[in-house]
Amino acid sequence: MKGKAQLSANALTVLERRYLKKEGGKVIETPEDMFKRVALNISEAEKKYGKNDEEIREIAEKFYELMISLAFLPNSPTLMNAGRELQQLAACFVLPVEDSMESIFETIKNAALIHKSGGGTGFSFSRIRPQKDRVLTTGGVASGPISFMKVFNAATEAVKQGGTRRGANMGILRVDHPDILEFITVKQNNEELTNFNLSVGITEKFMEAVEKDEHYDLINPRNKEKVKSLRAREVFDLIVDSAWKSGEPGIVFLDRINEKNPTPLLGEIESTNPCGEQPLLPYEACNLGSINLAKVVRDGEIDYNYLKDIVHLSVRFLDNVIDMGVYPLKEITEMVHGNRKIGLGVMGFADCLIKLGIPYNSEKGVKVAEQLMEFIQKESKMASEKLAEERGSFPNFHLSIYPDMGYKALRNATTTTIAPTGTISMIAGVSSGIEPIFALCYKRTILDNEELLEVHPLFEEVAKARGFYSEELMEKIAQKGSIQGLKEIPVDVQKIFVTAHDISPQWHVEIQSAFQKYTDNAVSKTVNFPYDATREDVKEVFMLSYKLKCKGVTVYRDGSRDSQVLSKVDNK
Ligand code: ADP
């Protein structure tokens, strides 16, 4: 296998720290070795489908080329674990939590096994009976979902020390659960549930009550009895207030997610993975992979032929990952092999727009988002149909929505997801997922107190070409955080090099919605607000994301948490 990876110093550090093989604390693998290990391992799945050694070798070469060119990268667990002892390749899991001690503690154990292998877990706690409810067997009173979430949190904290990643959870509670008010405010205390992202599971019924300013019922999940009713607008305002204060909770539109559930006969979707982009049934897992959109721009235009090739090969790669993966539980293996969900998404979208000379916060930007994702969605479905001809449909195909939609065969119950790409975008050296760029120039601390000035490579290129580059100006930009209004910089450059905080929250939601329109699963996106944003601003974004058919939304107001992080994932 030929070719060398063009990696930045930052990317190399990330790889050395957690991805490359080590022996006695010393790295014994080069990045090229790593991609070789992954390509060889993932191509092995082809054996099961009748390919001979030579054909498999050819496919391995193609997978290698796909990754080494940084045109596509699979999610971190695949890079870390393929061809190694763990062989756990998926990033996303959802586990069931029933209303019994056995189920709760069994799930804590299973989550620990998943965290150890680098996967993230999501849970719905909506089935757990509320605080102060009756416990029949002991005659005592129940402690409620939040107290159990704290046990999950402590278990994650303990596993952190020995695992490959730090462990991440999503906790979801339905808006009609009696303990919802406590859930909404619990993370205002920074010490609580530190290993969790929280989202309120919003129903259509609740949103209607908000719009009409009505009350809605809180239901005890144990006996389905109404406990009391609350004014929907007050609850909605509390969610807004809390998100304004601390960035949490986010919201997920559960009914909307279930409208798009590809296998409704197998159950209802109650939760997503930790960063919200992957709704899953209990015991389902999903592996993700992302196309680097910065790579598909050639001579100022998107090269759709190249993109098509990447999509088809990536779908094959991700389908192979399902077979090569070893899952921590028998139930998961069965679900994963039954539905064969994969999540192909993108990274480097903001860099792609810069290369095209189109502002992120513009109608044109939204249009490009739609065109790109519509194409990827369509081609990924074609690739999945072709694979089904070769390998058969996913076993639950006949129980899915697809035969009614006119599909004759399909290999995967879902094909597309937009992941945050927190680490793999660093490896590829591009903007993460569909997020705008965060900073054009920034100081990175290396060693103890030595600081290195980093300049966004595309910005540096333009600054030099247009003759306004100087160390001094770059320092100034690093301090100011934005180039908007800087007289040293031409206005057309200002328009294209917009950063997260230059972009109004409405445009963030417009872009998210454009991608969601053509994505089977969900879209990971944080809507950034400046520090002085009001609660009313946050509310508007929540309503807009509802109106524009997003599956959920997460907001973050600059400086609203004690320790500021670049992305949600870094926070884990
Ligand atoms: P990467 O770039 O490392 O492949 P992403 O940032 O795209 O990962 O996150 C994708 C998913 O991976 C998340 O939604 C979550 O399910 C899982 N994940 C991310 N970070 C962690 C972590 N520290 N521990 C466990 N799972 C994680």
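For the numbers below, each heavy atom of this structure counts, side chains included, while hydrogens, waters and symmetry mates do not. Bear in mind the structure is a predicted one, so any value in this text is a computation, not a measurement.
- With respect to E55 and K47, no salt bridge is recorded, no charged nitrogen being found less than 4.0 Å from a carboxylate O.
- Between E32 and K4 there is a salt bridge, since at least one side-chain N of the basic residue sits less than 4.0 Å from a carboxylate O of the acidic one.
- If you run side chain to side chain contact (heavy atoms under 4.5 Å, CB included) between M149 and each of N169, N195, L198, L173, only L198 comes through.
- Between F515 and F349, a ring centre-to-centre spacing shorter than 6.0 Å is recorded.
- Of the charged side-chain nitrogens involved, at least one lies within less than 4.0 Å of a carboxylate oxygen, so that E270 and R127 count as a salt-bridged pair.
- A salt bridge links E46 to R391: one of the charged nitrogens lies within less than 4.0 Å of a carboxylate oxygen.
- We find that K341 and E284 are joined by a salt bridge, their nearest charged nitrogen and carboxylate oxygen being less than 4.0 Å apart.
- Under the 4.0 Å criterion applied to side-chain N and carboxylate O atoms, K260 and D520 are not assigned as salt-bridge partners.
- Atom CD of E16 has more than 12 neighbouring heavy atoms from other residues, nucleotides or ligands inside a 6.0 Å radius.
- Ion pairing between a basic and an acidic side chain is recognised when a charged N comes within 4.0 Å of a carboxylate O; K109 and E106 show such pairing.
- Looking at T13 and N10, their side chains never bring a donor and an acceptor atom within 3.5 Å of each other.
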K150 vs L193, side chain to side chain contact (heavy atoms under 4.5 Å, CB included): CA-CA, chis, key distance, verdict | CA-CA 6 Å; K150 292 179 184 171; L193 301 181; 3.9 Å; yes

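- Note on K187 versus E192: no salt bridge recorded, every NZ/NE/NH1/NH2 to OD/OE distance being 4.0 Å or above.
- Salt bridge annotation for D309-K62: absent, with no cationic side-chain nitrogen under 4.0 angstrom from a carboxylate oxygen.
- Side-chain N or O atoms of T78 include none that pairs as donor or acceptor with a backbone N or O of P74 at under 3.5 Å.
- Taking the six-membered ring for Trp and the full ring otherwise, F125 and F183 have centroids separated by 6.0 Å or more.
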